[in-house]
**Q** 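This is the structure, below, for whatever I ask next.
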Amino acid sequence: MSESTDPVAPADEIAAGYAFTGPALDLGALVWDGRCLPDRQVRVPLAVLNRHGLVAGATGTGKTKTLQLIAEQLSEAGVPVFLADVKGDVSGISAPGVPNDKIHERAGEVAQEWSAAGCPAEFYSLGGIGPGIPLRATVTGFGPVLLSKVLQLNQTQEQSLGLIFHYADSKGLELIDLKDLRAVVAFLVSDEGKAELKGIGGLSTVTAGVILRALTAFEQQGAVDFFGEPEFDTAEFLRTAPDGRGVVSVLELPAVQDKPRLFSTFLMWLLADLYADLPEVGDPERPKLVFFFDEAHLLFHDASKAFLESITQTVRLIRSKGIGVFFVTQTPKDVPADVLAQLGNRVQHALRAFTPDDAKALKATVKTFPHSAYDLEELLTRLSTGEAVITVLDENGAPTPVAATRLRAPRSLMGPIDAAGLDRAVTSSPLYARYARPIDRESAYEKISAEQAAAEAAAERAAVAAEAEKEGRRAAKPGHGTARPEPSLAQQVVGSGLFRSLARSVGTQLGREISRSLFGTARRRR
């Protein structure tokens, strides 16, 4: 740390930057010159939490407890919270904490009046895999951009998938699950379906094959469960409890930890769906929702330029919808610069410098902070678990001084609740009956299958009729009028009306073409 003739003068200057007049969350006490100063509190104004943030740090440095600390104070202030629980240790936020010597010691160090308290919580799971109310999306709602990211399609293949969605949208073909999408792709490259795309560009058989193979691999990974109905209404995340506290929505992800690309992209769908549905509110006195995006580096890994641009624009614009987004990852360099520039609130836990790559990441992290009275490169390697370097936006939107902080202890249980308690919380929720049972109604797959079956039946009837007509002409006496030219089998089938209705009925327009947001998610109110 830098030296001063008055050892507490810099601490006073830093603490003055956190003396807010409006409602604020208490993060902890300032640390200066190796000492914790409990009379100098570090806080973040409630009104700036829609300006987004970053919680970073090496594994085991306390990021999860920081999320818990912030989330429970937001809930107390009436702000709903969304938390992704990747490791399965956040469910304790619903239960009061258990006092022990470490908690009392930390509370004394940071001048915290600690008392045990849990938060009103709902627990969700992706597609019903693992404990939780199932979160599902229809393929139509998920959209081509996010699906291309999950399927690892290149730019050309992504454009082709977008063309397939455009066709389905404009023709009223609902893509509920993956078999619907598979059916539409197969139809569009069939002899009957190729003509449907001539007006807006074709779909090559090779590209269709790549998409179909990617869908097969995706299904084999267990993704079938994530797509279907009832599609989750993300407005459920905006609820408050009867006592006015914000509901904490916990998405339990341990059962799908081996599918990181899927769950990170699914989190982006939740965020994009919120963005598409919510009205503009400007800068409210408190956020409508704070969304913690855990394992954020997975979202940006191998992302296309267009995908990153969509993320950047969504993060930039969703602030005016009253939604705050906190990305949670190991180092700031995991987040693209254009996104990082929009994260005004920063909580940086300790970093390690064991390797040359670690040292490089450390230097890059230091450069992302404002000018500091600390030697950050040294400080970030010496922080203890439960300590962090913090800078937030003040009530006027200006960054506060960088503050080394010993964080408060969460009041809720710091660990998971037992499996029986989690199951009771899930099944007793009023949302369980609404979303637990999957629905498989008629959609693109059934429509196309029915029309193809009808066309095949028409072809068989036409063949039988043609054979009967031939036999009749042979039996007729010559000279009794001129026989009509015999229509070909193909003419009979195509002209049968049933076959001709294939392209038309699967293309029956149910309404206007679906409009889509930045991420290609459907902008239909449910």
**Q** Examine F226 together with F218 and report whether their ring centres are nearer than 6.0 Å.
**A**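 Ring centroids of F226 and F218 are no less than 6.0 Å from each other.
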
**Q** Look at the rings of F142 and F266 and say which category their plane angle falls in: under 30° parallel, 30 to 60° tilted, over 60° perpendicular.
**A**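 Ring orientation of F142 relative to F266: tilted.
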
**Q** Kindly assign one of parallel, tilted or perpendicular to the pair H104 and W114, based on the angle between their ring planes and the thresholds 30° and 60°.
**A**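 Because their plane-to-plane angle is over 60°, the rings of H104 and W114 count as perpendicular.
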
**Q** Kindly indicate whether the side chain of K288, heavy atoms from C-beta on, has any atom under 4.5 Å from the side chain of K321.
**A**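 Not in contact.
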
**Q** Check for a donor-acceptor pair, side chain of N100 on one end and backbone N or O of K102 on the other, with a separation under 3.5 Å.
**A**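 Side chain of N100 to backbone of K102: a pair is present.
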
**Q** If you apply the rule side-chain hydrogen bond (donor to acceptor under 3.5 Å, both in side chains), what do you find for Q68 with S412, and how did you get there?
**A** CA-CA 8 Å; Q68 200 167 336; S412 53; 2.8 Å; yes

**Q** Would you call the rings of F293 and F291 parallel, tilted or perpendicular, where under 30° means parallel and over 60° means perpendicular?
**A**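 Taking F291 first and then F293, their aromatic rings sit tilted (interplane angle of 30° to 60°).
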
**Q** State whether a side-chain donor-acceptor pair under 3.5 Å links Q41 with R408.
**A**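 The criterion, which ignores hydrogens and geometry beyond distance, is satisfied for R408 and Q41.
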
**Q** Does a side chain donor of either D273 or T234 reach within less than 3.5 Å of an acceptor in the other side chain?
**A**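 Yes, because at least one side-chain N or O of D273 sits under 3.5 Å from a partner of the opposite role on T234.
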
**Q** Starting at CD of Q112, measure out to CZ of R106 and round the result to the nearest 0.5 Å.
**A**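 Rounded to the nearest 0.5 Å, the CD-CZ separation comes to 9.5 Å.
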
**Q** Have a look at F292 and tell me which of V81, T66, D85 forms a side-chain contact (heavy atoms from CB on, under 4.5 Å) with it.
**A**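 For F292, the side-chain contact (heavy atoms from CB on, under 4.5 Å) check succeeds only for V81.
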
**Q** Among side-chain atoms of E236 and S249, is any donor-acceptor pair under 3.5 angstrom?
**A**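 The criterion, which ignores hydrogens and geometry beyond distance, is not satisfied for S249 and E236.
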
**Q** Evaluate side-chain hydrogen bond (donor to acceptor under 3.5 Å, both in side chains) for E229 paired with T138, printing each intermediate quantity in order.
**A** CA-CA 6 Å; E229 289 185 317; T138 64; over 6 Å; no

**Q** Taking the six-membered ring for Trp, are Y435 and Y124 closer than 6.0 Å centroid to centroid?
**A**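 No, the ring of Y435 stays outside the 6.0 Å limit from the ring of Y124, centre to centre.
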
**Q** Please report the C-alpha distance between S320 and E280 in whole Å, then the side-chain angles of each, then the deciding distance to 0.1 Å, and finally whether the side-chain hydrogen bond (donor to acceptor under 3.5 Å, both in side chains) criterion is met.
**A** CA-CA 6 Å; S320 63; E280 298 279 340; 2.5 Å; yes

